[in-house]
Protein chains: 2
Amino acid sequence: MTAPTPQPPTKAQLLELVAALGTAQWQDFAAAAGRHGLTSVQAKLLAQLKGPVPMRGLATLLVCDASNVTGIVDRLEARGLVRREPDPADRRVKNVVATEEGRETIHRVRAEMQATHTALDALDEDERTTLYGLLERLRPGMEHRA
Amino acid sequence: MTAPTPQPPTKAQLLELVAALGTAQWQDFAAAAGRHGLTSVQAKLLAQLKGPVPMRGLATLLVCDASNVTGIVDRLEARGLVRREPDPADRRVKNVVATEEGRETIHRVRAEMQATHTALDALDEDERTTLYGLLERLRPGMEHRA
DNA sequence: CATGGATGCTTGAAGTACTCAAGCAACTTG
DNA sequence: CAAGTTGCTTGAGTACTTCAAGCATCCATG
């Protein structure tokens, strides 16, 4: 390992590789979600619900218009995977929470991302640590999109 | 760097980080595409056109139904960014090629992914090489989706 | 070479995702 | 309390997506 300095990849190559990996993981996620009757967008929303989140918060997390969230939550609610609860402190706000079934479903979706899990198994602990460190350094600049 | 063996991240953490990065890059791509009047899907299709590609090939590359490609190419063709050419060897096939304007457009979109470029600039050559190597090892398992 | 079965593309129907403009309710501030 | 702000929904319009059908062309077998 730590090979004898191979040709450093160009930024373009690295970019393409990251994109390819991201796409592959997304496909894996979408396929797993599909097996549970969810679209990838619905699953992604469900994945954000560690606790109660107001509609507006979801729009921010998903980087989309609030009116879009209404529809997605409508469909998830129709399936009994989430619930809208009134916010005790502000009557305008509706907090979305995952139901027990919702939590189980998203948990299974994550567990069933076989391609992704298998891929990660190809690395040992040290490599994972290194990778994590490098990726973390990549993150900051990616966050701040106006 | 190469810190004194910090806690190795769990697979879940690593997974989440990769997902976050993928999402950030996709947002960046979508925003850049939007500035040129393209949806992210249209831009993604355009990005596949290094040479002539039959409709069916595009469906395979984008992992979607062939009938879906018809619509996307229709809209790109209406904007003059791609062209459908008959295949000399098989009259059923239509090969899609990017026009000069199409090539320029996708080139600019890539160049304008500022957040992504800035993020990659945070790494030096050695780190990029290491990262590339690790990500490449991740790829194989991600490819084989039925 | 005729015919039956693939294969490549398009169309139409139906549902999801997405944005923008408007509207209503509720909060906040002067 | 009035005016402005914020949170959510609705409605219109477009894009994306799949599936089922249909047409043209290719290919293999007899």
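As a basis for the values below, the full set of heavy atoms in this structure was taken, side chains included, without hydrogen atoms, waters or symmetry mates. Labels below follow one simple rule: chain letters A, B, ... track the order of the sequence lines, proteins then strands, and each chain is numbered from 1.
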Applying salt bridge (Lys or Arg N to Asp or Glu O under 4.0 Å) to E100(B) and R103(B), what does each step give before you reach the verdict? CA-CA 5 Å; E100(B) 181 54 31; R103(B) 278 189 296 272; 2.8 Å; yes

Does anything in residues 67-88 of chain B come within less than 4.0 Å of DNA chain C? Heavy atoms only, and list the residues if so.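 Residues of residues 67-88 of chain B under 4.0 Å from DNA chain C: S67(B), T70(B), R84(B).
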
Roughly, in whole Å, what's the span from [atom1] in [X] to [atom2] in [N]?
{"X": "Q42(B)", "N": "dT14(D)", "atom1": "CD", "atom2": "P", "result": "14 Å"}
{"X": "D65(A)", "N": "dT10(D)", "atom1": "CG", "atom2": "P", "result": "14 Å"}
{"X": "L58(A)", "N": "dG7(D)", "atom1": "CG", "atom2": "P", "result": "13 Å"}
{"X": "R91(A)", "N": "dT6(D)", "atom1": "CZ", "atom2": "C1'", "result": "15 Å"}
{"X": "L62(A)", "N": "dT19(C)", "atom1": "CG", "atom2": "P", "result": "10 Å"}
{"X": "L38(B)", "N": "dC18(C)", "atom1": "CG", "atom2": "P", "result": "18 Å"}
{"X": "K94(B)", "N": "dC26(D)", "atom1": "NZ", "atom2": "C1'", "result": "16 Å"}

Between D121(B) and K11(A), is there a salt bridge with N-O shorter than 4.0 Å?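 Yes, K11(A) and D121(B) are salt-bridged.
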
Taking NZ, NE, NH1 and NH2 as the nitrogens, is one of them in E85(B) or K94(B) under 4.0 Å from a carboxylate oxygen of the other?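 No, this pair does not count.
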
Taking the side chain as every heavy atom from C-beta outward, state whether N68(A) and L62(A) have any pair of such atoms under 4.5 Å apart.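 They are not in side-chain contact.
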
Whichever of M55(A) and R92(A) has its nearest DNA chain D nucleotide further upstream toward 5':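 Whichever sits nearer the 5' end wins; that is R92(A).
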
Worked verdict on E101(A) versus R79(A) for salt bridge (Lys or Arg N to Asp or Glu O under 4.0 Å): CA-CA 10 Å; E101(A) 192 186 346; R79(A) 287 184 194 284; over 6 Å; no

Side-chain donor-acceptor contact under 3.5 Å, H36(B) with E112(B):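 Result is yes, a qualifying pair exists.
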
Taking 4.0 Å as the cut-off, does a side-chain nitrogen or oxygen of T39(B) come that near to OP1 or OP2 on dT14(D)?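 Answer is no, no contact under 4.0 Å.
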
